[in-house]
Amino acid sequence: MTYWLFKSEPNCFSIDDLEKVGTEPWDGIRNYQARNMLRDDVKMGDKVLFYHSSCDVPGVVGVCEVVRESYPDSTAFDPTSDHPDPKSDPDNPRWFMVDVKFESKFKNPVSLKQMKEMSEFSGMRLLQKGNRLSLFPVDKHHFDLVLALGN
DNA sequence: GCCAACGTTGGC
DNA sequence: GCCAACGTTGGC
């Protein structure tokens, strides 16, 4: 089993939105490196840290679980969606998504600032300079520590 | 709004 | 294959 961190802008899709709907496709990934991991490495039952980016307090706000492995991201074919890509052919899809299910919302969200201040998190991909990937694997000990801080 | 750090595109 | 121009991400 692999642990992950998925980023989302809360004014677009937040942990509260996920809690309301329960299960949701993680669509709109339009970066090849992220796509490859989403398509090939994100597996059923994997645990995901839900991260709020580009907001007042960036940080991890909860946990969700992968409940469906990669399938074509149909929003790419839909010109009215938030992220259409006319270059993705339904017969040979370029982009993929997975389904995630809400698991928990932290009582104490773990802010990016807080994580930067703790030496335990040094080396975590989230804190690496220039990291712009919207999803990446997280070491188990980092995952466990975020949970301990958040709950 | 600014800007660093990427990633992508397209001419050559 | 190189690289300039442009676009995006995301913290601050």
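All chains are named by letter (A, B, ...) in the order of the sequence lines, taking the proteins before the strands, and each is independently numbered beginning at 1. Hydrogens, waters and symmetry mates are skipped; everything else that's a heavy atom, side chains included, is used.
Between Trp95(A) and Phe77(A), the distance from one ring center to the other does not fall under 6.0 angstrom. Aromatic pair Phe6(A)/Trp26(A): centroids less than 6.0 angstrom apart.
Here the P atom of nucleotide dT9(C) and the CD atom of Glu9(A) are 7 Å apart, to the nearest Å. Counting to the nearest Å, the P atom of dG10(C) and the CG atom of Leu135(A) are 10 Å from each other. The CZ atom of Phe136(A) sits 15 Å away from the P atom of dT9(C) (whole-angstrom rounding). The separation between Asn11(A) atom CG and dG11(C) atom P is 12 Å, rounded to whole Å. Rounded to whole angstrom, the span from the OH atom of Tyr32(A) across to the P atom of dT8(C) amounts to 14 Å. At whole-Å resolution of the value, CG in Asp85(A) and P in dG7(C) are 16 Å apart. Atom-to-atom, NE2 of His83(A) to P of dT9(C) comes out at 11 Å; the value is rounded to the nearest Å. One can place CG of Leu126(A) at 10 Å from P of dG10(C), the figure rounded to the nearest angstrom.
Below the 3.5 angstrom threshold, one finds a donor paired with an acceptor across the side chain of Arg132(A) and the base of dT8(C).
Each of dG7(B), dG11(C), dG10(C) was ranked by its minimum atom distance to the side chain of Gln33(A); first place goes to dG7(B). Side-chain proximity of Lys87(A) to dT9(B), dG11(C), dT8(B): nearest is dT9(B).
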Inset, instruction - List the steps, then state whether salt bridge (Lys or Arg N to Asp or Glu O under 4.0 Å) holds for Asp144(A) with Lys140(A). - result: CA-CA 6 Å; Asp144(A) 289 342; Lys140(A) 185 179 190 312; 2.6 Å; yes

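Using a 4.0 Å heavy-atom cutoff across all strands shown, Ser53(A) reaches sugar-phosphate atoms only and no base atom.
OP1 or OP2 of dC12(C) has at least one side-chain nitrogen or oxygen of Lys116(A) nearer than 4.0 Å. Neither OP1 nor OP2 of dG10(C) sits under 4.0 Å from any side-chain N or O of Lys129(A). At dT9(C), none of the side-chain N or O atoms of Tyr51(A) fall inside 4.0 Å of OP1 or OP2 (strictly under the cut-off).
Of the residues Arg94(A), Arg30(A), Arg35(A), Arg39(A), the one that meets the salt bridge (charged side-chain N to carboxylate O under 4.0 Å, His left out) test with Asp73(A) is Arg30(A). Applying the salt bridge (charged side-chain N to carboxylate O under 4.0 Å, His left out) test between Glu65(A) and each of Lys47(A), Lys101(A), Lys43(A) identifies Lys47(A) as the sole match.
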